[in-house]
Amino acid sequence: MTNVLPRHSYPMTVRTRFAPSPTGYLHIGGVRTALFNWLFARKHGGQFILRIDDTDQERNVEAALEPILEGFRWLGIDWDEGPCVDGPHAPYFQSQRSEQHQAAAKQLLVAGFAYRDYATPEEVQAERESAEKEKRDYVYSRRWMAETDEQAAAFEAEGRKFVVRLKMPRDGKCEFHDLIRGDVAFDWAREQDHVIQRADGSCLYHLASVVDDSDFEITHVIRAAEHLSNTPRQIFIAQSLGCNLPEFAHLPYVAEPSGTAKISKRKLDKYLKNRDFKSLCDHGNAIAAKIGHETTADTFNPVIVDFYREVGYLPDAIINYLLLLGWSLDDKTEEFTRDEMITHFSLERVNKSPASFDPQKLSAFQLRHMQHLPIKQKVALVVPFLQKTGLVASPPPCDTAPHLIKIVEAAGDRIKTAGDILEFDEFFVNDDALPFEEKAFKKRVCKDGAAELLREFRDILASAEPFDRETCEAALRSFIESKEIKIGEIIHALRVAVTGKGVGVGMFEALEILGKDSCLVRIDRCLARADD
RNA sequence: GGCCCCAUCGUCUAGCGGUCUAGGACUCCGGCCUUUCACGCCGGCAACACGGGUUCGAGUCCCGUUGGGGUCACCA
């Protein structure tokens with residue numbers, strides 16, 4: 001067995017892959033891994049392949065796969081080969097490639113790199129336990145190993161069944177070069193004789209993965225660091241099979257908010273103690289509640305990509321944020337378009353240490369990308385939310401476009417995610433259905449003299465012409481001048497009267513958007529209520 | 001526990017032996033703008049885990065300690 005592996009140069013184009021198993025959701029850390037693979041392939045004019053690792057998966061693969069594909073489509077991470085698009089190496093489902101895997105297992109067996117093992121799981125377990133009790137490093141004794149047909153027959157006579165195990169080297173080191181971590185070495189002696197094929201003939205992940213990577217001509221295996229310690233056995237398989245070895249690059253994982261452990265969707269309770277993570281959740285839940293989206297923590301949380309789509313985040317913002325989680329170009333550049341990412345990306349600049357997920361920084365990227373969005377795109381983003389809540393008909397009446405533009409423009413940066421449009425429902429509800437926020441009403445309208453001022457200004461507003469923001473503002477300014485009061489003494493009451501809320505878009509924009517009739521009706525309604 | 005990996009402000013990071021009294025971004029804290037809330041603008045707090053080497057010189061190289069993490073399946 002050679003220890004030092006040669007560096008291969010690849011005459012063929014770069015081919016990377018992301019191999020999710022169909023779990024029913026797309027994990028944020030998985031996205032980052034996929035992104036780096038995608039970027040690397042695009043950067044080198046190669047191909048990005050999606051392969052489905054559904055070995056051992058029961059039926060329903062399709063249902064469990066759909067959210068993952070949908071997530072990638074939404075994020076704009078496209079694949080050159082894989083489900084739905086197929087390609088020269090189809091099928092791209094591992095479960096449909098068992099013939100190749102079995103042939104590989106057989107080849108390893110014949111060549112002596114693997115053996116039939118007749119041990120029962122209990123016997124192996126017993127060995128493992130006694131090693132542990134004696135504080136010895138565990139290595140399988142190979143007691144039930146059959147290398148000849150005679151041995152096999154003897155075991156079979158006892159009614160035993162065999163699995164196929166790798167016959168791992170027991171001296172020397174497995175040394176390889178990782179594109180991110182540099183030279184890495186593991187002692188062969190500590191590697192187990194991993195099972196590659198079960199008694200029923202089905203093959204296991206490591207074999208399948210190596211065979212598929214080789215068949216698909218994957219040149220660079222870019223994956224999470226947790227696979228680093230799996231690499232020796234995969235190298236052993238690949239070499240024993242006579243396959244070309246791909247380059248390896250092990251990415252640091254995405255760590256939990258305010259922590260260093262790998263982020264997981266099962267530890268939500270813990271993350272909720274983090275103030276920023278909680279507010280990210282709360283914001284999402286509030287929007288989900290409005291649009292009637294189910295918010296079970298299991299299916300709807302910031303570790304799952306769906307969350308961001310439902311709440312109205314921008315794919316570009318998420319991608320940009322994820323890109324900087326473990327990679328940087330220099331000491332200042334933070335914003336990247338897709339093209340810029342592709343031209344600048346390199347594995348050399350990927351960090352070695354885990355990067356913790358920071359909800360605030362994500363929000364900052366979201367804001368910046370929203371600010372760059374042309375108004376029409378912003379409107380298009382927001383409309384589905386209005387439709388889901390019945391605030392706008394579907395399809396929207398053709399005369400609503402200018403109205404929507406005005407609202408979205410007026411709301412400006414207050415719309416941080418598309419779902420935030422729902423905070424501006426006052427521009428969509430009927431005048432007689434406008435709810436008044438109790439706190440704001442009490443504080444601003446029930447205040448001494450406020451209602452009186454409002455009543456007076458109402459009549460001035462009634463004669464404002466044209467009813468636009470400039471005229472309204474001029475009217476109010478001259479009103480406060482004549483009354484010798486400060487603007488704050490009336491404008492808040494006016495806001496509550498016409499929007500029902502204490503906060504919102506600029507006052508005069510709001511008046512203009514609503515129009516004179518609505519404003520007057522709303523003020524009257526407010527005054528009537530104040531009288532009660 | 002064995003093995004492996006990692007280590008610069010609270011967080012993401014720049015730094016590849018001297019230009020570092022360590023730079024940027026997010027957060028946070030002041031202030032400005034202002035009709036609210038956002039936004040924007042200005043300013044501020046804040047880090048090389050520790051100990052040994054190597055070197056004229058170490059955040060940068062080496063070793064150790066400590067700390068954190070990953071992985072140890074007939075899961076993927």
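In what follows, chains are A, B, ... by sequence order, proteins preceding strands, each numbered from 1. Heavy-atom basis, side chains included; hydrogens, waters and symmetry copies ignored.
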Would you kindly check whether a donor in the side chain of A:His194 faces an acceptor in the base of B:A73, or vice versa, at under 3.5 angstrom? no
For the base of B:A25, is there a side-chain donor-acceptor partner from A:Lys361 under 3.5 Å away? yes
If only side-chain N and O atoms of [X] are considered, is one of them under 4.0 Å from the OP1 or OP2 phosphate oxygen of [N]?
X        : N     : answer
A:Arg181 : B:G70 : no
A:Arg128 : B:A73 : yes
A:Lys161 : B:C74 : no
A:Gln360 : B:C12 : no
A:Arg198 : B:C75 : yes
A:Asn230 : B:G70 : no
A:Ser328 : B:A14 : yes

Mind checking [X] for me? I need base, sugar-phosphate or nothing, with any heavy atom below 4.0 Å counting as a touch.
X        : result
A:Gly259 : nothing
A:Gly504 : base
A:Ala119 : base
A:Lys135 : nothing
A:Arg275 : sugar-phosphate
A:Lys416 : sugar-phosphate
A:Tyr205 : base
A:Ala185 : sugar-phosphate
A:Gln371 : sugar-phosphate
A:Phe357 : nothing
A:Arg51  : nothing
A:Arg495 : base

Flag the pair A:Asp276 / A:Tyr271 as yes when at least one side-chain heavy-atom distance between them is below 4.5 Å, and no otherwise. no
Can you measure A:Leu166 atom CG to B:C74 atom P for me and round it to whole angstrom units? 12 Å
Paired with [N] by Watson-Crick or G-U wobble geometry, both distances under 3.5 Å: which nucleotide is it?
N     : answer
B:A49 : B:U65
B:A38 : none
B:G44 : B:C28
B:G59 : none
B:C3  : B:G70

Relative to the ring of A:Phe336, is the ring of A:Trp327 parallel (under 30°), tilted (30 to 60°) or perpendicular (over 60°)? perpendicular
What is the distance from atom NZ of A:Lys378 to atom CD of A:Glu409, rounded to the nearest 0.5 Å? 9.0 Å
State, without any angle test, whether A:Glu127 and A:Ser141 hold a side-chain donor-acceptor pair at a distance under 3.5 Å. yes
Using the [atom1] atom as the point on both nucleotides, what is the distance between [M] and [N], in whole Å?
N     : M     : atom1 : value
B:C26 : B:G40 : P     : 9 Å
B:C61 : B:G15 : P     : 12 Å
B:G53 : B:C16 : P     : 26 Å

Verify whether the ring centers belonging to A:Phe345 and A:Phe36 lie closer than 6.0 Å. yes
Trace of the salt bridge (charged side-chain N to carboxylate O under 4.0 Å, His left out) decision for A:Asp193 with A:Arg142: CA-CA 9 Å; A:Asp193 287 355; A:Arg142 295 180 180 165; 2.7 Å; yes
A:His227 aromatic ring stacked with six-membered ring of B:A76, 5.5 Å and 30°: yes
Toward the 5' end of RNA chain B, by each residue's nearest nucleotide, A:Leu325 or A:Met507: A:Leu325
side-chain contact (heavy atoms from CB on, under 4.5 Å) with A:Pro20: which of A:Asp53, A:Leu50, A:Leu69, A:Thr33? A:Leu50
